[in-house]
Structures are given as C-alpha cells and as structure tokens.
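Because only heavy atoms are used, hydrogens play no part in the values below, and waters and symmetry mates are left out as well, while side chains stay in. For this chain, numbers begin at 1 and follow the sequence in order.
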Amino acid sequence: MKFTGALSTLLVVLPLLALQAAAVPAGRGGFQFGGGRGGNRGGNQNANQGNQNGGAAAAAAASSSAAAATSTAAASTGAAAVNSTDNSAAAGAAAGAAAGASGNAADEQSSLTLDPSTIGANLAQNGLAGNGTEAGQAPSLTSTNNFINFCVGKTITNGLQVQDGSCNPVPMGDIPSKANQPSCKFQFPTNLQNIDENTDFTIKMAITGLDTGFFVNPNTNYFGAPQQLNAQGVITGHSHVVVQAINGVLDPNPADPTIFAFFKGLNDAASGGVLTADVTAGLPAGTYRLASINTAANHQPALVAVAQHGSLDDAVYFTVGAAAAAQAATDIASVSGAAASGAAAASGAAAASGAAAATGAAAATGAAAATDAAAATGAATGAAAATGAAATGAAAAAGANNAAGAGAAAKGANNGAAAKAAAAQKAQQAAAAAKAKQGGNNQQAKGKGRRSFSRRAQF
C-alpha cells in the first residue's frame with residue numbers, strides 16, 4: 001500500500017512539473033523584425049502540445065489513484081508523457097533560437113534599425129563652433145541618428161515626381177573623389193552660333209567624369225535610390241539637355257524653369273565621349289539658352305566631394321534665323337560698342353591716359369625725351385658740347401696747337417712780312433737816297449759844265 005501511495009503521488013507531481021516547464025517562453029532570440037516569430041509560434045505550439053499531453057497524464061494519474069490495478073500502466077503513460085513534454089519544449093526552444101539567428105543575420109538593406117557604425121558624429125553639432133566658422137553662417141540642423149525620421153508626418157517622395165513637393169528619406173549615397181567630378185561642353189550649337197529656323201539639328205555635348213547610360217524609370221523611382229559609383233569611382237548616371245527661349249542675348253531676367261522649348265533625357269551611353277540629342281523640326285526664330293543637367297541614375301543632381309568646384313554643367317546662347325542673329329550682333333555691338341567705347345574709352349582713357357600717359361609719357365618722355373632729348377640733346381649738346389667741347393677742346397687743343405702752330409706760322413709769316421716790309425722800306429729809302437744824290441750830281445754837273453756818269457743803285 002505504501003508503494004502504491006508513493007507511486008500515485010509521483011504520478012500527480014510529474015505532470016505538474018512538466019506543465020511548469022512548458023509554460024516558460026521559448027525562442028526569444030527570434031523575435032526581432034518578425035524573423036523569429038515563426039520560431040516563437042513553433043515553440044508555443046509544441047509547448048501547447050506538451051501541455052495537452054501533460055493533461056492526459058494527469059487524467060491517467062487520477063484514474064490510477066482510483067484503481068490500483070491500472071496504476072502501473074498509468075505510471076508508464078505518465079512517464080511517456082513527461083518525456084514527450086520535455087522533447088517538445090526543447091524542440092520549440094531550438095526552433096525559436098534558429099529563427100532568431102536567421103532574423104539577426106538578415107540583409108542590412110532590409111533591416112529596420114540603424115547600424116550604429118553609420119552614424120555621423122559631426123551631425124550632432126550645428127557648425128557654428130567648428131572649423132572654418134564665418135560670420136553670418138546659418139546653424140545646421142542636428143541629429144544623433146542620421147535624420148532617419150526627418151520625413152515623419154510629411155508627404156514621402158516614394159519614387160514619384162510629386163509636383164506639390166515632398167520629403168525624400170533616401171540617403172544621398174556615394175560621393176566621388178575630387179578627381180572624378182563630372183564636366184561637360186557643348187560642341188553644337190556653339191556659343192552665339194546661328195542656325196536655320198524650323199530645321200532639324202543635333203545637339204552634341206562632350207562629357208567626362210560621368211559613367212553615362214544609367215537611366216531609371218522616372219515615374220516610379222525618381223530620387224528613389226542613393227547615388228552610386230562604378231568600379232573606377234565615377235558616378236553612374238546620365239545627362240539631360242534643355243532649351244529655353246529668352247528675350248535676346250542681353251536679357252537680364254531669370255528664365256522660368258517651368259517653360260522650355262525642348263527637353264531631352266539622354267538615356268544612352270556617350271559615344272566617343274559625346275552625348276547627342278536630335279531636335280526634330282528644329283526651333284522657331286528667336287534667341288535661346290541651351291543647358292545641361294548632369295545627374296545620377298535616379299535623376300538627382302550629381303553630388304561631389306568639395307564645395308568649391310567648377311560648374312558640373314554647361315550653357316550656351318544661340319540664335320535661330322537671320323533676324324535674331326542680326327539683333328544679337330547689334331546687341332553685342334552695343335555692348336561691345338560700349339565696351340569698345342568702354343574699351344575705346346578704356347582704350348581711349350587708356351589711350352587718353354595712354355595718350356596722356358603717352359603725351360604725359362611723351363611729355364614725360366617728351367619732357368623726359370625733351371629733358372632726355374634736352375638731356376640727350378643736352379647730353380648730345382653736352383656730349384657734343386662735351387664732345388664739341390672735347391672736340392672744340394680737342395679742336396681747341398688742336399686749334400690751340402694749330403693756333404699755336406698757326407700763330408707761330410703767322411708770327412713767322414708776320415716776322416717774314418715785317419722783315420720783308422722792312423727790307424722794302426729800306427730799299428725804298430736807299431732808292432730815294434740814290435735819287436736824291438743823283439739829282440745833286442746833276443745839279444752840280446749842270447753848274448760845272450757838261451759832264452755826266454751813272455751809278456747803279458746797289459741794294
């Protein structure tokens with residue numbers, strides 16, 4: 001009897017312990033993002049099955065208390081129920097753990113949580129106390145979770161072109177290096193070129209720094225994915241060209257971005273580095289601006305690594321028809337004229353200044369020239385004077401020597417002339433003396449008789 005009572009007690013207690021074990025939640029690791037929910041369900045279903053088995057064991061135990069003959073069989077059934085309950089609970093826990101592991105290993109791009117490694121620490125500061133702060137800068141919005149909930153309560157872009165405006169929660173994406181920035185240049189039409197009106201033509205644009213030919217559906221995926229780069233670090237995307245009519249080349253008013261004469265998204269890859277767009281039937285007469293819009297694959301404007309950079313796009317102005325070309329020429333001439341006047345004025349001013357400067361310079365040069373000329377002349381005169389003086393001096397020296405020579409010669413000549421004059425005078429005196437003597441002799445002869453003789457004068 002004692003053995004039978006102990007066995008009956010054991011058969012009652014063991015199912016209760018099994019029920020308590022089955023009541024413990026299984027597979028908590030599989031709860032996140034629904035990945036482990038199946039595991040939880042599996043564990044709970046298995047535990048419930050165990051509970052049902054445990055209930056059967058309790059019923060068997062109650063019947064064993066009433067009939068000792070069947071107690072041994074009930075005990076065997078209860079033991080089997082306990083084993084079944086333990087195995088079911090373990091299986092549920094294992095299934096839940098496996099589902100949880102699967103949930104944790106899910107693709108990061110489908111996870112609904114932010115990976116802490118992607119949080120930008122600088123986003124928590126507004127920039128007014130940071131490096132390079134300047135007066136007048138606006139404070140930045142701040143965030144410690146990368147603005148993941150910035151668009152809460154707003155109309156989401158959701159890949160659509162929402163004309164009333166929207167909020168786009170998609171990250172900006174990959175940014176290329178400074179060396180891989182896009183750049184382009186229109187090859188046709190060129191700036192200020194004139195083309196025939198209402199005539200087919202092809203826009204041609206050379207492009208670099210953009211891996212073209214990546215063009216997603218703009219009706220379902222507009223701004224719908226981050227900017228991406230190719231293996232060479234170049235933006236994958238495409239370009240667009242847009243032509244707008246303007247009121248002449250001197251029009252100072254901004255063009256209305258909602259109005260354009262021609263627009264084309266360039267889906268194809270560039271051929272030889274050149275993109276093209278056919279303008280069928282051309283354009284009516286007028287003046288136009290042609291511009292590019294270089295974008296990533298999902299149509300967002302290209303994003304680059306630095307704030308200070310050249311334009312990523314190009315624009316040219318061209319005319320269609322003879323009248324527009326003539327007007328553009330007149331407009332340009334008026335500006336050029338003003339510029340020419342200005343240039344002429346500037347030239348003129350420069351010329352005037354230049355002339356003045358030239359005059360001034362001429363004056364200065366002239367003065368300088370004059371001064372220099374004077375100086376030069378003076379120098380020349382001076383040089384001449386110096387040279388002249390030197391020459392004169394030399395001449396004077398030579399002259400002095402010559403004069404001294406001439407003087408000496410003159411003196412010699414004068415001395416010779418004086419000597420000659422003195423000799424002539426002496427001869428004259430001798431002749432006069434001889435004559436006087438002859439007259440006296442004649443007078444004497446005349447007085448004494450007819451006696452005559454002659455004496456040759458001797459010098």
What I want to check is whether the side chains of [X] and [Y] have a donor and an acceptor closer together than 3.5 Å.
| X | Y | result |
| --- | --- | --- |
| Thr319 | Asn194 | yes |
| Ser143 | Asn145 | yes |
| Asp278 | Thr202 | yes |

Just by distance, do the side chain of [X] and the backbone of [Y] share a donor-acceptor pair under 3.5 Å?
| X | Y | result |
| --- | --- | --- |
| Asp268 | Gly213 | no |
| Gln228 | Gly173 | no |
| Gln227 | Leu303 | yes |
| Asp211 | Val234 | no |
| Asp251 | Ile246 | no |

Open item on the list: Taking NZ in Lys178 as the centre, count heavy atoms belonging to other residues, nucleotides or ligands within less than 6.0 Å. Is the count above 12?
Closed with: no

Open item on the list: Counting only heavy atoms not in Phe262 (residues, nucleotides, ligands), do more than 12 fall under 6.0 Å from its CZ?
Closed with: yes

Open item on the list: Would Ile235 and Leu229 count as a side-chain contact (heavy atoms from CB on, under 4.5 Å) here? Give the steps.
Closed with: CA-CA 4 Å; Ile235 297 171; Leu229 309 179; 3.8 Å; yes

Task: Close side-chain approach of Asn219 and Gln161, heavy atoms under 4.5 Å - done: yes

- [ ] Determine the minimum heavy-atom distance between Ile332 and Leu192, stating which atoms define it.
- [x] CD1-CD1, 3.7 Å

Task: Ring geometry between His299 and His240 (parallel below 30°, tilted from 30 to 60°, perpendicular above 60°) - done: tilted

TODO: Indicate the ring-plane relationship of Phe150 and Phe147, choosing parallel, tilted or perpendicular according to the 30° and 60° boundaries.
DONE: perpendicular

How long is the span from the [atom1] atom in [X] to the [atom2] atom in [Y], to the nearest 0.5 Å?
| X | Y | atom1 | atom2 | result |
| --- | --- | --- | --- | --- |
| Thr295 | Gln300 | OG1 | CD | 7.0 Å |
| Asn247 | Asn253 | CG | CG | 7.5 Å |
| Asn168 | Asn298 | CG | CG | 9.5 Å |

TODO: Given side-chain hydrogen bond (donor to acceptor under 3.5 Å, both in side chains), test Asn230 with Thr236 step by step and report yes or no.
DONE: CA-CA 6 Å; Asn230 67 10; Thr236 56; over 6 Å; no

Open item on the list: What verdict does the side-chain contact (heavy atoms from CB on, under 4.5 Å) test give for Val243 and Leu283, after you've listed the backbone C-alpha separation in whole Å, the side-chain angles of each residue and the deciding distance to 0.1 Å?
Closed with: CA-CA 10 Å; Val243 178; Leu283 296 166; 3.9 Å; yes

